[in-house]
Each structure stands twice: as C-alpha cells, then as structure tokens.
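In this chain, numbering begins with 1 at the start of the sequence shown.
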Amino acid sequence: MQFLRLRVKTAWRSKKIRVIISLLLLFILMPIFLYACFSDLPNQSSEQRQGTLLVWYPEEGNLTEVVGLGLQEFEKLNPQVTILEQAIPVDKIPERFFKQSQSGLGASVILIFSRNIPRLVSQGVLGEIDQNNLDLSIYYPPTLKQVSYQGKIYGIPLGSRTNVLCYNQKKLQVSPDPLLKQPPTSLGGLVERARKGYSVGIVSSFEDTFWGMAIFGGYLWDDQGRLQPRLDGWAKWLEWLKFASSQPNFILNRQRELLHDAFAGGRLTYYVCNSIEIADLKNSLQDDLRVALLPQETQGKAAPILYTRVMVFNRNNSDNENSLGLALGKFLSNPEQQLQAIIQTESFIPTNRRVQIEGNLLPLESVLLQQSQNAVAVPLDDWEKLNKILEEGEFWYERAIAGEISSSAAAQKLTLYIQSGLDQEVRKIN
C-alpha cells in the first residue's frame, strides 16, 4: 500500500511539473505566435474591409482549386467583402484583360506570369503599387526582380516555377548497384545511367536547355544583373548535348508532350521536367515520382530560368479596389497560405522567405525551393530583350544541334546579335 501511495504521489508530481512547463512554454511562445499572425496583416482591419473584387486567375490543373480555396478563405475572414472569381485559360488572360480594361472594365486584379507585365504597362492598363504599402523584405529577392519594372512595382509575387530532374523511383530500386539507386548529381552520371538502360529525356530547345550553359560558365547576365553575354560556355554545353544524344537511351526531342507522356507512362527513368508538370506526373506515378537537383559539374551549377506568377492591378481600379486587392495579395503570399499551396499541389515554389520547408516531410518541394534559389531571375526591364534572344537563340540552337553550324560559331553569332542590340541602345542614349 505504501508503494502504491508513493507511485501515485510521484505521478501527481510529474503531471504537475508537465503542466507548469506547458504553461511556461505557452507564456514564452504566445508573443511570438501573435507576432507571426499579425505582422503580415495590412493596416485596414477585416471589419473595415468591404466591397467587391473581380479576380481572374489561370484555369490550370490543381492550381485553379488552390487559388479558389484561398479566395474563399479570404472572404470568410472578411465577411463584408465579395469576390467575383473567374478561371480563364492561362494564355488568354493578358489579351482579354487588355481589351476589357481599354473600355474601363476588366478584372480588378489578375494572376499572370510576370513576363506579361512590360507589355501590359506599355499598353497602359496596369496600376503601380505604392512600395510603402507592401513589405518587400518578406519576398525572395529574385522574385522582386520580376515585379519591378522601370523603377516601379507592378505586382505581388505569389509563386514560381522552374526546371528540375524528375525520376521514377520504382525503376531505380530494381538495380542491384547501390549507386544506381540514387539519381545522378553530375552530367557524366546522367550519361552513365542512360548507357546502363535508365533512359533519359530532355526537351530540345534553346529555352528548355538554357539551364545547362551555366554548368560550363556561360551566362547572359553577370553578377550585377547586367546583360553581358558570355556564351563560350553555351558552345561547350551544345557539344555536350550532341554527345549525350548520341548515347543509347538518351533522348533529346523537341516535343515536350511526347516526353511527358513517356515519363508518365513509365517508359523513361529520368526527365528534365518543368515544375508545373509535377502535379500531372504525380497523378500517374504516385509515390514513384521523385525529383532531384539538375546535374552539375565542379566548375558550375545548373541555372534554369525562374518564372514567377504575380498578382497585378487594373489601372481603372478605385482606391477601395486597390486596397482590397493589396490585402488579398498579402493574404495569398503569407506563410500559412503558401504552405497550404505547397501541400495541396506538391509543386508550388513559395515566394515568401518566411516559409520553412522540412525536407523529410516535403521532399519534392524542398528540392524545388533549392533549385529555384540557383535559377536565373530575369529582370523585367530585360524581358523584351530576352524574348528576342530566345527567338534568335532557338535559330542557332537548331542549326548547331543539327550539325549545320559548329557550336562555337553558333555562340559567336548569338553573341554578336545580343551585342549589336546593346550597341544600338547606347547610340540612342548618346
């Protein structure tokens, strides 16, 4: 009996200690929790917000559902606000917005890729965002390059996409070689796996293979963000692509859909995919779908282009519409909403620096975020130039891959083209 009393007394003391510790932790963490909850909120309280907001966003797989749920949640928190939403095919939003805005109509806010901003600004249909009303420090710096145009802010970064190496884990696990059970980290490792029957697919175009020139030291923009092409590395990359495509089971093909379907159907082991494809591939491959960083070499890392989806505002908006739109943009880019998007899509690259991704819990998203941090975020001021460079680069890429011109000659031609454009700009200034 005395032993039983002792156990009860000890258990009671342990329980009391745990309660005290829990209360202390709550007391310590409560200010931090409250700060995290309210630090990103706009000045206007939810009780004060009222009005109607017309929102257009892309009709694009599970992203449509994610955005829709975010808009519903915003309405619940702001009962006096009505959001009229419409999902529109992604490639039709800019043109439809331009046509309706010219008549004083159109959506209050739209979700588009940032590359559309320069054209819409030149057409006079986008409204500038007052930098004093937006805490820019919470966003990854590369994404800020993609909302800043001619010294002004025209959008709120919501999410990004880029290239990664997708692979079929099921195909790797059948290998008796422990090394082959893991994805390659180098270009040589990728070729070696193709030779041993683990097929590789890469979309063949200048833009889709842009990521590889940095591995050999090639670039278009220098560390200061200036357009200063150095394309000798691109020539080496072209040579590597030609060599790799001559190897067994290594496929360099212009048709993305063909490679996408082959990988989804289990006929490819490795596929350099765009992160936007992951949701569809996940439906086919389930847990066998894995992603890894793009291969690299000791002299350089892969650097794919970063594309950022942003929220922009109609120039015809009232002050209240801009206020509501700004509050919505802040809400959709807060850590909680971005984490929800990550979990729901498994392919969402956050723009908010405060989002923490645990690699063990979210392995795909962790790799995507890591790859995006080494991606090339093209400044909006240079997007129009990039479009022309991509077109000219494709011309010389095709000829170099086909053997009609040497890789070094293709690099020289593209360099001269870019340099001539820069020289013309200098002459105009002078």
Side-chain angles (χ1 to χ4, degrees), residues 91 94-95 112-123 142 145-146 149-150 161-163 202-245 252-256 259 272 274 294 300 302-308 375-430:
D91 57 338
E95 189 61 30
I112 56 173
F113 279 112
S114 61
R115 62 174 177 257
N116 294 291
I117 287 178
R119 178 162 58 95
L120 292 174
V121 169
S122 67
Q123 291 170 339
K145 291 182 182 180
Q146 303 194 314
Y149 181 61
Q150 296 180 344
R161 67 177 176 90
T162 195
N163 295 106
I202 297 179
V203 179
S204 182
S205 76
F206 177 71
E207 184 173 1
D208 286 298
T209 60
F210 184 93
W211 57 273
M213 74 166 74
I215 298 175
F216 296 95
Y219 57 77
L220 292 179
W221 287 268
D222 62 18
D223 294 338
Q224 285 71 47
R226 296 170 302 189
L227 185 57
Q228 296 287 344
R230 179 180 171 181
L231 297 181
D232 51 338
W234 182 52
K236 294 175 183 177
W237 170 233
L238 286 172
E239 285 299 300
W240 186 89
L241 286 173
K242 289 194 288 185
F243 158 74
S245 62
L252 193 63
N253 192 287
R254 295 188 60 80
Q255 299 182 51
R256 175 180 298 280
L259 294 179
V272 176
N274 192 302
L294 292 168
I305 298 176
L306 185 74
Y307 301 89
T308 300
V376 177
V378 180
L380 278 190
D381 289 345
D382 287 338
W383 260 107
E384 293 175 349
K385 297 174 191 172
L386 176 64
N387 288 332
K388 295 177 181 178
I389 292 171
L390 291 177
E391 184 177 344
E392 185 73 11
E394 183 63 22
F395 179 85
W396 296 114
Y397 171 88
E398 290 179 12
R399 278 147 186 78
I401 292 296
E404 295 180 11
I405 187 174
S406 70
S407 299
S408 58
Q412 290 171 6
K413 294 285 189 183
L414 184 56
T415 301
L416 287 173
Y417 172 81
I418 299 171
Q419 197 61 54
S420 65
L422 294 175
D423 291 342
Q424 287 178 14
E425 286 188 359
V426 172
R427 285 196 292 270
K428 285 180 182 178
I429 293 173
N430 296 332

S.K.: With heavy-atom distances below 4.5 Å as the criterion, would you say the side chains of F395 and R399 are in contact?
M.R.: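 They are in side-chain contact.
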
S.K.: I'd like to check M213 versus F206 (side-chain heavy atoms, cut-off strictly below 4.5 Å). Are they in contact?
M.R.: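 When only atoms from C-beta onward are counted, F206 and M213 do touch, with a gap below 4.5 Å.
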
S.K.: Salt bridge (Lys or Arg N to Asp or Glu O under 4.0 Å) between E239 and K242: does it pass, once the steps are laid out?
M.R.: CA-CA 5 Å; E239 285 299 300; K242 289 194 288 185; 3.0 Å; yes

S.K.: May I ask you to decide if E384's main-chain N or O and N387's side chain share a donor-acceptor pair within less than 3.5 Å?
M.R.: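 No, N387 side chain to E384 backbone: no donor-acceptor pair under 3.5 Å.
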
S.K.: Indicate whether the side chain of R226 and that of Q228 have a donor and an acceptor atom separated by less than 3.5 Å.
M.R.: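 On atom types as modelled, these side chains do not qualify, holding no pair under 3.5 Å.
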
S.K.: Using 0.5 Å steps for rounding, measure from the OG atom of S205 to the CD atom of E398.
M.R.: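 Rounded to the nearest 0.5 Å, the OG-CD separation comes out at 9.0 Å.
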
S.K.: If you define the side chain from C-beta out and look only at heavy atoms, does anything of R119 sit under 4.5 Å from W383?
M.R.: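 A side-chain contact under 4.5 Å is absent here.
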
S.K.: Looking at Y219 and G217, what are the two nearest heavy atoms and their distance?
M.R.: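 Taking every non-hydrogen atom into account, CD2-O, 3.6 Å.
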
S.K.: What are the two closest non-hydrogen atoms of L252 and Y397, and how far apart are they?
M.R.: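 For L252 versus Y397, the nearest heavy atoms are CD2-OH, 4.0 Å.
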
S.K.: Ring centres under 6.0 Å, that's the criterion: do W234 and W237 meet it?
M.R.: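 For W234 and W237, the ring centres are not under 6.0 Å apart.
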
S.K.: Which pair of heavy atoms, one from A400 and one from S407, lies closest together, and at what distance?
M.R.: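 Minimum heavy-atom contact is CB-CA, 4.4 Å.
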
S.K.: Measuring from R230:CZ to D222:CG, what's the distance to the nearest 0.5 Å?
M.R.: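 The CZ atom of R230 sits 11.5 Å away from the CG atom of D222.
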
S.K.: Quick one: closest heavy-atom pair of L220 and L231, and the distance?
M.R.: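 So the two residues come closest at CD2-CD2, 3.8 Å.
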
S.K.: Tell me the closest heavy-atom pair linking W211 and V272, and the distance in Å.
M.R.: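 Nearest pair, atom of W211 first, then V272: NE1-CG1, 3.8 Å.
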
S.K.: Within this structure, what is the CG-CZ distance for the pair L120 and R115, rounded to the nearest 0.5 Å?
M.R.: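 So the gap between those two atoms works out to 12.0 Å.
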
S.K.: Does K385 come within less than 4.0 Å of E392, counting only side-chain N to carboxylate O?
M.R.: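 A salt bridge is absent here (no side-chain N lies under 4.0 Å from a carboxylate O).
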
S.K.: I need the minimum non-hydrogen distance between P118 and L380, along with the two atoms involved.
M.R.: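 Looking at all heavy atoms of both residues, the shortest contact is CG-O, 3.7 Å.
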
S.K.: Can you tell me how far the CG atom of L416 sits from the CH2 atom of W396, to the nearest 0.5 Å?
M.R.: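 The CH2 atom of W396 is 9.5 Å from CG of L416, to the nearest 0.5 Å.
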
S.K.: Can you sort out the partners of D381 under salt bridge (charged side-chain N to carboxylate O under 4.0 Å, His left out), two or more places apart, ordered by chain and number?
M.R.: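 Here no residue qualifies.
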
S.K.: Rounded to the nearest 0.5 Å, what's the gap from CD1 on I202 to CZ on R256? Could you check?
M.R.: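 Nearest 0.5 Å value for the CD1-CZ distance: 11.5 Å.
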
S.K.: Do the non-hydrogen side-chain atoms of L306 and K145 ever get within less than 4.5 Å of each other?
M.R.: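 No, their side chains stay 4.5 Å or more apart.
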
S.K.: Counting heavy atoms not belonging to K413, are there more than 12 under 6.0 Å from its NZ?
M.R.: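 Atom NZ in K413 is not crowded, with 12 or fewer foreign heavy atoms closer than 6.0 Å.
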
S.K.: Could you check whether any side-chain heavy atom of L414 comes within less than 4.5 Å of a side-chain heavy atom of P229, counting everything from C-beta outward?
M.R.: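 With C-beta onward as the side chain, the pair stays apart.
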
S.K.: Go through the steps to decide whether F216 and W240 satisfy the test side chain to side chain contact (heavy atoms under 4.5 Å, CB included), and finish with yes or no.
M.R.: CA-CA 10 Å; F216 296 95; W240 186 89; 4.1 Å; yes

S.K.: What's the separation between atom CD in Q412 and atom OG in S406, rounded to the nearest 0.5 Å?
M.R.: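 Going from CD on Q412 over to OG on S406, the span is 7.0 Å.
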
S.K.: Assess whether atom CG of D223 is packed by more than 12 heavy atoms of other residues, nucleotides or ligands within 6.0 Å.
M.R.: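 No, because the 6.0 Å sphere around CG of D223 holds 12 heavy atoms or fewer from other groups.
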
